[in-house]
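Okay, structure first, notes after.
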Amino acid sequence: MKTLFLIIVLTMLGAAFVVTYLVNKEQRSMNRLGGTFIKLIQKFDSWQMMR
């Protein structure tokens with residue numbers, strides 16, 4: 001009974017770590033995408049100024 005409980009707890013902790021890792025990875029990729037979008041907007045603004 002104790003081993004079953006221990007296995008379940010370890011499995012839940014492992015799943016929590018995996019979910020946390022995936023969420024952090026997704027946030028990093030979204031930040032990178034946002035930075036690229038901001039750079040494109042800045043380039044477009046500078047192009048509009050030169051025109």
Can you measure from OG (Ser29) to CG (Asn24) and round to the nearest 0.5 angstrom?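 It is 11.0 Å, given to the nearest 0.5 Å.
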Pairs flagged by ring-ring contact (aromatic ring centres under 6.0 Å, His included) wherever residues 22-45 is involved - sequence neighbours left out: Phe44-Trp47
Checking Leu4, Leu6, Thr11, Leu10 against Ile8 for side chain to side chain contact (heavy atoms under 4.5 Å, CB included), the one that qualifies is Leu4
Under 4.5 Å between side-chain heavy atoms, counting indirect links through other Ile/Leu/Val/Met/Phe/Trp/Tyr residues: same cluster for Leu13 and Phe5 or not? yes
With the 4.5 Å side-chain cut-off for hydrophobic clustering, are Val18 and Tyr21 part of the same group?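 Yes; Tyr21 is reachable from Val18 via cluster members.
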